[in-house]
Asks: 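Pasting in a structure now, in structure tokens, and then I'll have a few things to ask.
Because the structure is predicted, anything quoted here is derived from the model rather than measured. Sequential numbering from 1 along the given sequence is applied to the chain's residues.
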Amino acid sequence: MVATVTVAIPVYKRLTYVAQAIRSVAAQDYPAIELIVSDNGCNGNAVWEIVQANYPRPFIFRQNPAPVPIVMHFNQLIAAASGEYFILLSDDDELAPGYVSTMVAALVANPSAAVAISRVEVIDEHNQVIGSTADRPLPPPLMSGPDWIERWGRNEHKFVSFTTNVARTSEIRMVGGYPDFDGGNGIDNALLVALSIERSIVYCHEAIFRHRIYDTSFGKSVSIASLARASRQFLAFLDQHPALRAYARQHPQEWRRCRNAIIRVIWTTYYGRWRHLYRDREAYLDWLKAGFALPFIPAYYRRVIPEIIYSLPTIGQFAQRRLETR
């Protein structure tokens with residue numbers, strides 16, 4: 001008898017791509033999938049009707065009576081799962097055919113691995129592939145947790161997204177599920193670190209997770225203030241999570257390297273979005289203030305300070321900007 005795999009799809013207000021996400025689960029060849037679709041957006045019968053129309057097998061539908069924070073919603077799905085394995089699939093992403101069977105087989109073949117991750121294709125609103133992790137050198141098929149973390153920190157393979165992967169449900173619960181970071185920013189990365197630090201990660205080039213990015217997608221629509229709070233919470237998580245604290249005590253030198261690699265991911269992610277995504281979105285003084293929102297990380301401020309100095313307006317330009325923001 002094959003193990004059951006729970007595929008959980010959390011839904012809020014965006015319903016544009018929900019049917020496509022559900023159809024991608026319906027197209028899987030794995031014989032034991034428990035599909036849970038959860039409406040957190042008070043959408044009436046709309047989400048249930050979409051599932052009913054696009055999923056030909058039995059499914060579980062749940063609906064919160066009022067919206068709850070995103071992290072709480074994700075952890076509700078972990079609590080509701082009865083499968084041995086757990087997959088979270090965002091309501092605008094997709095699984096390529098064969099994803100579930102390939103990933104589960106990889107975990108069964110590698111019992112030391114806590115998580116299976118896959119190739120990622122980035123798709124746009126029109127389902128066109130606009131990027132792929134296959135553009136970079138492929139990671140090894142099996143990596144220790146610390147090895148994967150250091151590769152991630154060097155951006156060696158451009159992993160793109162860890163939103164969707166496969167792990168054992170009991171182990172996700174054991175490490176506490178998704179951590180409570182503001183707006184859910186970075187929670188998938190943090191969970192992966194906690195799961196894998198004492199274990200290993202298996203990489204499946206044959207399986208494909210299709211991650212949709214567009215102007216109003218989660219990563220691009222989050223506010224700079226929320227991203228800053230979540231970044232600070234992620235930094236604190238590295239020193240507070242029980243699994244990471246235990247590893248740090250037992251392997252201080254290895255943890256120092258891992259911690260530095262994760263910190264680099266956190267600050268480079270924030271810096272990149274601050275410098276490019278938010279520069280035209282925010283009023284100048286708000287953007288300037290946001291540059292100082294992270295604690296003192298020398299490498300980060302070596303990038304930020306020159307950028308701020310270069311951006312400083314002349315007195316006339318400053319006066320004009322003040323008028324424009326009134």
Side-chain angles (χ1 to χ4, degrees), residues 1-8 28 30 32-33 78 81-89 95 98-120 133-134 136-179 187-209 237-238 241-262 265:
M1 182 179 293
V2 298
T4 299
V5 177
T6 297
V7 180
Q28 298 299 307
Y30 192 81
I33 291 178
I78 294 170
S82 66
E84 181 176 341
Y85 298 95
F86 182 82
I87 300 171
L88 185 86
L89 179 65
L95 306 177
Y99 176 93
V100 175
S101 56
T102 301
M103 297 282 271
V104 171
L107 280 177
V108 171
N110 295 278
S112 67
V115 185
I117 61 176
S118 71
R119 178 154 51 110
V120 179
T133 52
R136 287 283 183 93
L138 296 179
L142 187 66
M143 297 168 279
S144 70
D147 180 33
W148 159 71
I149 288 169
E150 291 191 59
R151 289 171 181 272
W152 178 41
R154 294 192 298 266
N155 197 25
E156 192 169 333
H157 307 288
K158 196 178 181 182
F159 288 110
V160 179
S161 172
F162 297 121
T163 302
T164 293
N165 51 62
V166 183
R168 294 172 184 85
T169 310
S170 60
E171 294 181 3
I172 296 174
R173 291 171 179 156
M174 193 178 304
V175 298
Y178 290 100
I187 60 173
D188 47 350
N189 300 337
L191 176 57
L192 207 57
V193 169
L195 283 168
S196 68
I197 190 63
E198 294 269 19
R199 304 281 294 285
S200 57
I201 280 185
V202 62
Y203 175 80
C204 298
H205 181 68
E206 301 81 10
I208 302 173
F209 160 52
F237 171 90
L238 299 179
H241 191 279
L244 305 186
R245 287 169 61 89
Y247 185 82
R249 286 193 300 269
Q250 296 167 12
H251 309 280
Q253 293 183 348
E254 292 88 342
W255 174 242
R256 191 175 300 112
R257 291 196 299 271
C258 289
R259 186 176 183 276
N260 288 340
I262 300 165
V265 171

Asks: Ring centroid separation for F162 and W152, is it under 6.0 angstrom?
Replies: yes
Asks: Report the distance from atom OG1 of T4 to atom CD of E84, rounding to the nearest 0.5 Å.
Replies: 8.5 Å
Asks: Is the backbone N or O of G145 less than 3.5 Å from a side-chain atom of S196, with the two atoms forming a donor-acceptor pair by type?
Replies: no
Asks: Return the minimal non-hydrogen interatomic distance between L89 and T164, and the atom names on each side.
Replies: CA-OG1, 3.8 Å
Asks: Side-chain contact, heavy-atom cut-off 4.5 Å: L88 with D188?
Replies: no
Asks: Without swapping roles, check the side chain of S118 against the backbone of C204 for a donor-acceptor pair under 3.5 Å.
Replies: no
Asks: Might you point out which heavy atoms bring L107 and R168 nearest each other, and give the distance in Å?
Replies: O-NH2, 3.5 Å
Asks: State whether the side chain of R173 and the backbone N or O of I78 hold a donor-acceptor pair below 3.5 Å, judged by distance alone.
Replies: yes
Asks: With distance as the sole test, does N165 use its side chain to make a donor-acceptor pair with the main-chain N or O of I117 at under 3.5 Å?
Replies: no
Asks: If you take all heavy atoms of C258 and I149, which pair is closest and at what distance?
Replies: O-CG2, 3.6 Å
Asks: Taking V100's backbone N and O only, do any of them form a donor-acceptor pair with Q28's side chain (distance below 3.5 Å, no angle check)?
Replies: yes
Asks: Run the side chain to side chain donor-acceptor pair (under 3.5 Å) check on S112 and S200 step by step: do they pass?
Replies: CA-CA 6 Å; S112 67; S200 57; 3.1 Å; yes
Asks: Roughly how far, to the nearest 0.5 Å, is OG1 of T6 from CZ of F86?
Replies: 7.0 Å
Asks: Would D147 and R151 count as a side-chain contact (heavy atoms from CB on, under 4.5 Å) if you check the C-alpha gap in whole Å, the side-chain angles of each, and the deciding distance to 0.1 Å?
Replies: CA-CA 6 Å; D147 180 33; R151 289 171 181 272; 3.1 Å; yes
Asks: With distance as the sole test, does T133 use its side chain to make a donor-acceptor pair with the main-chain N or O of R119 at under 3.5 Å?
Replies: no
Asks: Please examine the side chains of Y203 and P140, heavy atoms only from C-beta on, and report whether any two atoms are closer than 4.5 Å.
Replies: no
Asks: Verify side-chain contact (heavy atoms from CB on, under 4.5 Å) between V193 and N189, making sure each step is shown before the conclusion.
Replies: CA-CA 6 Å; V193 169; N189 300 337; 5.6 Å; no
Asks: Please confirm whether the backbone N or O of A106 pairs with a side-chain atom of N110, one donor and one acceptor, at under 3.5 Å?
Replies: yes
Asks: Determine yes or no for a side-chain-to-main-chain donor-acceptor pair under 3.5 angstrom, with H241 supplying the side chain and P179 the backbone.
Replies: no
Asks: Side chains of residues 242-257: which donor-acceptor partners sit under 3.5 Å, not counting sequence neighbours?
Replies:
from: R245; atom 1: NH1; to: D239; atom 2: O; distance (Å): 3.2
from: R257; atom 1: NE; to: E150; atom 2: OE2; distance (Å): 3.4

Asks: Kindly indicate whether the side chain of V115, heavy atoms from C-beta on, has any atom under 4.5 Å from the side chain of V166.
Replies: no
Asks: Less than 4.5 Å apart, any side-chain heavy atom of Y99 and any of I208?
Replies: no
Asks: Start with the C-alpha gap between M143 and V202, add the side-chain angles, then the distance that decides, and say whether side-chain contact (heavy atoms from CB on, under 4.5 Å) holds.
Replies: CA-CA 6 Å; M143 297 168 279; V202 62; over 6 Å; no
